[in-house]
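Reading through the structure tokens given below for one structure.
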Amino acid sequence: MASPLLEVTGLKVHFPTPKGVVRAVDGVDLTIGAGETVGLVGESGCGKSTAARGITHLIRPTAGRVIFEETDLTELDAAGLRAMRAQMQLVFQDPYASLDPRMTVLDIVGEPIRNFRIARGRDLRERVRGLLERVGLDPDFERRYPHEFSGGQRQRIGVARALALEPSLILCDEPVSALDVSIQAQIINLLEDLQAEFGLAFLFISHDLAVVRHVSDRIAVMYLGRIVESAPSERLYAEPMHPYTEALLSAIPIPDPVVESQRERIVLSGDVPRPDQEIVGCPFHGRCPRVFDRCRVEAPPLAEVAPGHAAAC
């Protein structure tokens with residue numbers, strides 16, 4: 001059996017504060033195969049984006065291992081990490097903030113090519129024009145600035161920049177959440193076309209469960225810095241095993257008024273614990289509709305409940 005492209009084991013990212021330690025990511029295990037899309041879902045603030053930055057070492061992990069293309073990134077120095085990052089790129093959430101307003105499109109998309117000394121001069125310009133065309137933009141836009149584009153066009157520029165070094169893995173951090181619904185569909189279709197053409201693997205981070213279901217082969221559900229359930233996409237939606245996953249799925253609107261009126265909506269009670277709060281027992285026990293005494297003192301491990309399906313409950 002081939003080794004996974006990315007294997008994350010026990011990833012932790014903690015931030016010390018005057019009031020305690022914020023456990024933004026607290027022991028995440030994750031694998032992604034070549035050409036596979038894995039969705040990472042959860043409420044805002046659960047640690048999804050921090051996990052992506054920990055995987056790429058934009059934030060140094062507190063603990064854990066990140067093995068990418070059979071190389072342990074946690075053992076590399078700055079020069080080694082820089083070389084590996086050519087194969088691991090990010091598409092950020094906010095296309096209005098992730099592009100330097102003082103740089104032209106040619107400079108933005110060409111920067112990684114220039115930094116890694118792949119091309120320069122006319123060759124660099126031709127590569128940038130080709131990338132713009134591939135993501136559905138007019139190559140003549142190369143001299144324009146970010147403020148001259150719509151949100152969807154800016155995100156296409158971000159995708160072109162991520163493709164510039166021909167990576168094998170792209171981490172998409174809520175790439176469509178800031179866009180109109182019609183533009184979301186265009187960007188998702190673009191990503192799927194690029195995956196088919198270049199054999200890319202994606203970690204697709206989102207809180208939109210409908211979008212994640214459409215694009216993902218497997219889905220991992222995150223709560224308070226931990227993975228509480230992971231399964232193939234269709235199985236997770238058909239047979240959720242964790243109460244938190246059930247609650248998330250019950251919030252997805254169904255475009256059928258008869259079905260929508262008959263199904264049960266799970267409304268969670270209680271509050272999300274503070275990020276610097278020490279949690280004893282299951283991290284979800286304060287909001288879980290099925291909580292019992294053992295949940296308050298023992299944190300259930302993420303265990304396989306069916307082939308390829310694991311749940312921490």
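These figures come from a predicted structure and were not determined experimentally.
Two residues are said to be in side-chain contact when any heavy atoms from C-beta on lie closer than 4.5 Å; Arg127 and Ile118 meet this criterion. Side-chain contact check for Val215 versus Leu191: every heavy-atom pair is 4.5 Å or farther apart. Inter-residue side-chain proximity for Asp293 and Val297 is flagged as unmet; no heavy-atom pair is nearer than 4.5 Å. Counting heavy atoms from C-beta outward, Ile32 and Val8 have side chains that stay 4.5 Å or more apart. Counting heavy atoms from C-beta on, the side chains of Met222 and Val28 come closer than 4.5 Å. Within the 4.5 Å cutoff, side-chain heavy atoms of Glu246 are placed close to those of Arg290. Using a 4.5 Å cut-off on side-chain heavy atoms (C-beta onward), Glu7 and Glu70 make no contact. In this structure the side chain of Met88 reaches within 4.5 angstrom of the side chain of Ile55, judged on heavy atoms.
Contact record, Ile113 with Ala164: CG1-CB, 3.8 Å, taken as the closest heavy-atom pair. Between Pro243 and Cys313 the shortest heavy-atom distance is CD-SG, 3.6 Å. Here the closest heavy-atom approach between residue Ser216 and residue Val38 is recorded as OG-C, 4.2 Å. Considering every non-hydrogen atom in both Leu194 and Leu200, the closest pair reads O-CD1, 3.9 Å. The minimum heavy-atom distance linking Pro283 with Arg226 is given by the pair CD-NH1, 3.7 Å. Residues Gly308 and Pro232 come closest through the heavy atom pair O-CD, 3.4 Å.
Applying the ring-ring contact (aromatic ring centres under 6.0 Å, His included) test to residues at least two apart or on different chains, the pairs with a partner in residues 134-160 are Phe141-Phe149. Contacts classified as side-chain hydrogen bond (donor to acceptor under 3.5 Å, both in side chains) and involving residues 55-67 (residues at least two apart or in different chains) are given here: Arg65-Asp72. Residue pairs meeting the salt bridge (charged side-chain N to carboxylate O under 4.0 Å, His left out) criterion with at least one member in residues 170-190, sequence neighbours excluded, are Lys48-Glu174, Arg53-Asp173. The salt bridge (charged side-chain N to carboxylate O under 4.0 Å, His left out) contacts involving residues 157-170 comprise nothing, where partners must be two or more places apart or lie in separate chains. Among residue pairs with one or both ends in residues 188-198, those qualifying as salt bridge (charged side-chain N to carboxylate O under 4.0 Å, His left out) are Arg134-Glu197; sequence neighbours excluded. Applying the side-chain hydrogen bond (donor to acceptor under 3.5 Å, both in side chains) definition to pairs two or more places apart or across chains, those involving residues 35-46 are Glu36-Arg218, Thr37-Gln195, Glu43-Tyr244, Glu43-Arg287.
Taking the side-chain contact (heavy atoms from CB on, under 4.5 Å) definition, one finds that Arg143 meets it with Leu106, Arg125, sequence neighbours left out. Considering only residues two or more places apart in sequence or on other chains, Asp123 meets the side-chain contact (heavy atoms from CB on, under 4.5 Å) condition with Ala119. The ring-ring contact (aromatic ring centres under 6.0 Å, His included) search around Phe92 returns none, not counting sequence neighbours. In this view, Arg23 and His14, Val21, Asp26, Glu278 satisfy the side-chain contact (heavy atoms from CB on, under 4.5 Å) rule, not counting sequence neighbours. In terms of the side-chain contact (heavy atoms from CB on, under 4.5 Å) criterion, residue partners of Arg82 (sequence neighbours excluded) are, by chain and number, Asn115, Phe116.
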*Checking side chain to side chain contact (heavy atoms under 4.5 Å, CB included) for the pair Leu132/Asp138: CA distance, chi angles, key distance, verdict?*
CA-CA 7 Å; Leu132 292 178; Asp138 188 334; over 6 Å; no

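The distance from the OG1 atom of Thr50 to the CG atom of Leu58 is 11.0 Å, given to the nearest 0.5 Å. How far CE of Met84 is from OG1 of Thr71: 4.5 Å, rounded to the nearest 0.5 Å. Separation of atoms CZ (Phe204) and CG (Asp217) is listed at 12.5 Å; rounding is to 0.5 Å. Atoms CD and NE2, on Glu298 and His285 in that order, are 13.0 Å from each other to the nearest 0.5 Å. Distance check: Met103 CE to Ile157 CD1 gives 11.5 Å after rounding to the nearest 0.5 Å. The CD atom of Glu75 lies 9.5 Å from the CG atom of Leu73; values are rounded to the nearest 0.5 Å.
Grouped with Met241 in one hydrophobic cluster are Val305, the linkage being side-chain heavy-atom contacts under 4.5 Å among Ile, Leu, Val, Met, Phe, Trp and Tyr residues.
The number of heavy atoms from other shown groups lying within 6.0 Å of CD (Glu133) does not exceed 12. Counted within 6.0 Å of CZ on Arg114, heavy atoms from surrounding residues, nucleotides or ligands total more than 12; the atom is thus considered enclosed. Dense packing is recorded around CZ of Arg296, with more than 12 heavy atoms of other residues, nucleotides or ligands lying under 6.0 Å away.
Cluster membership for Phe68 and Phe198, using ILVMFWY side-chain heavy atoms within less than 4.5 angstrom, is not shared. Linking ILVMFWY residues whenever their side-chain heavy atoms come closer than 4.5 Å, directly or via other members, leaves Val91 and Leu169 in distinct clusters. One hydrophobic cluster, built from ILVMFWY side chains closer than 4.5 Å, cannot hold both Phe202 and Ile227; they sit in different ones. Linking Ile, Leu, Val, Met, Phe, Trp and Tyr whenever their side-chain heavy atoms come within less than 4.5 Å puts Ile59 and Leu90 in one cluster. Following chains of ILVMFWY side-chain contacts shorter than 4.5 Å, one can reach Leu163 starting from Ile187, so the two form part of one hydrophobic cluster.
Listed for the Gln155 side chain is no donor-acceptor partner under 3.5 Å among the backbone atoms of Val176.
Between His242 and Phe284, the distance from one ring center to the other falls under 6.0 angstrom.
Side-chain contact check for Gln93 and Ser49: no donor-acceptor pair (N or O, by modelled atom type) lies under 3.5 Å.
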